[in-house]
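These notes concern the structure reproduced below.
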Amino acid sequence: MATYSRIFLTILLISTAIQTSAEKWSNAPPPCNFPAIYNFGDSNSDTGGMSAAFGPIPPPYGQDFFHGPAGRESDGRLIIDFIAEYLGLPYLSSYLDSLGTNFRHGANFAAGGSTIRRQNETIYENGISPFSLDIQVTNFDQFKSRTSELFHRAKNPFDRSQLPRPQEFSRALYTFDIGQNDILDGFRKLTMPQLKAALPDIVNHFASSIIHLYEKGARNFWIHNAGPLGCLPAATLYITNPNPGFFDNYGCIKSHNLMVIEFNKHLKSRIDKLRKQLRRASIIYVDVYSAKYHLISNTKYYGFTDPLKICCGRHESNFDVWCGQTMIFNGSEIIGVSCGSPASYISWDGTN
């Protein structure tokens, strides 16, 4: 939701600024002046990748800002859109989208359902994207090489106006919001001890992508940790008669959130090492988990309804119709439509 995104971004920027000032830098950093953004991630920051690859996201997605589907799994803008606005840059076109795109100030390689590590399954099984982080980085390499070639071959200003300046890749901001689907996939496939043991390898795969981009000239990295997955309404929807202590005080699944916290510890530790290893890089670790959990635990203060309620879709005791979908139940067509006041909900469709 747009209201949720604004409040969340405000908390995020304040907490990140406090964290950054408390770290190794004694002098104030210069004002942000990034000529472009290159984003990598999943549905939290996908601005059209999965729509381009597998078919458009249906209404009512996008209804409250774009007035129609815009490739985002939201009713409006995503955090990456607000970051672009904050930096005075246009919204990012998806690399996978061939129509109506402009890559002058960056590109978005994110795709909904993406993971850090490749998963041995198709999107039609459990919604896992084929565009894992290493594939997204490969797409970036191709993008950088091809656009630089086209820029130098361009015969007129208009052709160049749609392309990034080759010298600006090293000055751009590289943003990341990925990892939650590795954990969610682990909940489905692995025992908790097995998933916990796999976390270091997941983080090492992530670090390898950062190192690769650094070697290609990237210097400015903005990295989100994973949010409180135990608080996703879709995760709690089918749980009945839980054991005492299964949920926390806000209705979130304790074990899921503890696993995310463990993942975030590994991620932060690895980023600390990357800062020492990549001497010319500026790497910002963004504590999304704390910002989101703060909102969830203070919903009344910020004017939201129950954080585990879903705005778009219809969920009854005997059926579920997800956002934008339809089904026939007892001879009647049921449509997953939006609630009346999306701005009062934290969750749009149960997972976003």
Side-chain angles (χ1 to χ4, degrees), residues 32-42 45-56 70-72 78 80-81 83-85 87-116 118 129-178 205-223 274 277-283:
C32 296
N33 186 24
F34 300 109
I37 301 173
Y38 295 100
N39 182 69
F40 305 83
D42 51 36
S45 59
D46 180 2
T47 57
M50 291 303 281
S51 284
F54 293 100
R72 294 154 172 82
L78 305 175
I80 189 64
D81 295 314
I83 291 175
E85 287 183 2
L87 296 176
L89 298 174
Y91 301 139
L92 294 182
S93 294
S94 171
Y95 169 78
L96 297 174
D97 198 348
S98 59
L99 299 174
T101 53
N102 186 325
F103 299 116
R104 170 64 187 87
H105 294 286
N108 195 347
F109 300 90
S114 292
T115 53
I116 293 173
R118 295 187 190 183
S129 161
F131 302 104
S132 54
L133 182 57
D134 62 321
I135 300 298
Q136 293 181 27
V137 170
T138 297
N139 288 340
F140 169 80
D141 289 343
Q142 295 172 338
F143 173 87
K144 183 180 179 183
S145 175
R146 184 63 175 151
T147 56
S148 296
E149 178 186 342
L150 291 173
F151 183 85
H152 290 300
R153 285 172 46 189
K155 302 294 185 182
N156 60 70
F158 176 78
D159 290 339
R160 287 189 170 187
S161 70
Q162 308 296 304
L163 299 170
R165 304 293 187 265
Q167 69 273 17
E168 292 180 349
F169 280 100
S170 62
R171 295 167 44 214
L173 180 65
Y174 292 77
T175 55
F176 298 81
D177 193 330
I178 193 167
H205 274 74
F206 178 83
S208 295
S209 293
I210 300 296
I211 293 169
H212 176 88
L213 291 169
Y214 178 84
E215 291 173 346
K216 294 292 183 178
R219 293 294 181 264
N220 305 298
F221 300 93
W222 176 275
I223 301 170
L274 285 173
Q277 179 182 353
L278 310 178
R279 294 290 185 174
R280 299 177 63 189
S282 172
I283 307 177

Those residues that, when tested against [X], pass side chain to side chain donor-acceptor pair (under 3.5 Å) (two or more places apart):
| X | value |
| --- | --- |
| Arg171 | none |
| Ser129 | Ser114 |
| Ser45 | Asn39 |

### Message
What verdict does the side chain to side chain contact (heavy atoms under 4.5 Å, CB included) test give for Tyr174 and Phe169, after you've listed the backbone C-alpha separation in whole Å, the side-chain angles of each residue and the deciding distance to 0.1 Å?
### Response
CA-CA 9 Å; Tyr174 292 77; Phe169 280 100; 3.9 Å; yes
Report the residues that fulfil salt bridge (Lys or Arg N to Asp or Glu O under 4.0 Å) with [X], sequence neighbours left out, ordered by chain and then residue number.
| X | value |
| --- | --- |
| Arg280 | none |
| Glu85 | Arg77 |
| Asp81 | Arg72 |
| Asp134 | Arg118 |

Given side chains that start at C-beta, do those of [X] and [Y] come closer than 4.5 Å, heavy atoms only?
| X | Y | value |
| --- | --- | --- |
| Leu92 | Ile80 | yes |
| Pro166 | His152 | yes |
| Leu89 | Leu173 | no |

Any donor and acceptor pair, going by atom type alone, linking the side chain of [X] with main-chain N or O of [Y] inside 3.5 Å?
| X | Y | answer |
| --- | --- | --- |
| Lys144 | Lys216 | yes |
| Asn220 | Ser282 | no |
| Thr147 | Pro164 | no |
| His105 | Ala36 | no |

(request) For the pair Phe40 and Phe109, name the ring-plane relationship: parallel under 30°, tilted 30 to 60°, perpendicular over 60°. (result)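 Ring orientation, 0 to 90° scale: parallel.
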Applied to residues 92-102, the salt bridge (charged side-chain N to carboxylate O under 4.0 Å, His left out) test, sequence neighbours excluded, yields none
Residue pairs passing the side-chain hydrogen bond (donor to acceptor under 3.5 Å, both in side chains) test with at least one member in residues 157-169, sequence neighbours excluded, are Asn102-Gln162, Arg104-Glu168, Asn156-Asp159
When every non-hydrogen atom of Thr115 is compared with those of Ile178, the smallest separation belongs to O-CD1, 3.4 Å
message = Less than 6.0 angstrom separating the ring centers of Phe221 and Tyr214, yes or no?
response =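 When the ring centroids of Phe221 and Tyr214 are compared, they turn out to be at least 6.0 Å apart.
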Would Tyr95 and Gln136 count as a side chain to side chain contact (heavy atoms under 4.5 Å, CB included) if you check the C-alpha gap in whole Å, the side-chain angles of each, and the deciding distance to 0.1 Å?
-> CA-CA 9 Å; Tyr95 169 78; Gln136 293 181 27; over 6 Å; no
Residues at least two apart in sequence or cross-chain that pass ring-ring contact (aromatic ring centres under 6.0 Å, His included) with Phe103, listed by chain then number, are Phe143
- request: Not counting sequence neighbours, which residues clear ring-ring contact (aromatic ring centres under 6.0 Å, His included) with Phe206? List them please.
  value: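 Testing Phe206 for ring-ring contact (aromatic ring centres under 6.0 Å, His included), a comparison that skips the adjacent residues, returns Phe176.
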Apply side chain to side chain contact (heavy atoms under 4.5 Å, CB included) to residues Phe140 and Leu213 and explain how you reach the verdict.
CA-CA 9 Å; Phe140 169 80; Leu213 291 169; 3.5 Å; yes
Could you give the distance from [atom1] ([X]) to [atom2] ([Y]), rounded to the nearest 0.5 Å?
| X | Y | atom1 | atom2 | value |
| --- | --- | --- | --- | --- |
| Leu99 | Ser93 | CG | OG | 11.0 Å |
| Asn108 | Asn139 | CG | CG | 11.5 Å |
| Leu96 | Ser51 | CG | OG | 10.5 Å |

| task | Report the residues that fulfil side-chain contact (heavy atoms from CB on, under 4.5 Å) with Leu274, sequence neighbours left out, ordered by chain and then residue number. | result |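 If we apply the side-chain contact (heavy atoms from CB on, under 4.5 Å) test to Leu274, skipping adjacent residues, the hits are Ala207, Ile210, Ile211, Arg270, Gln277, Leu278, Ile283.
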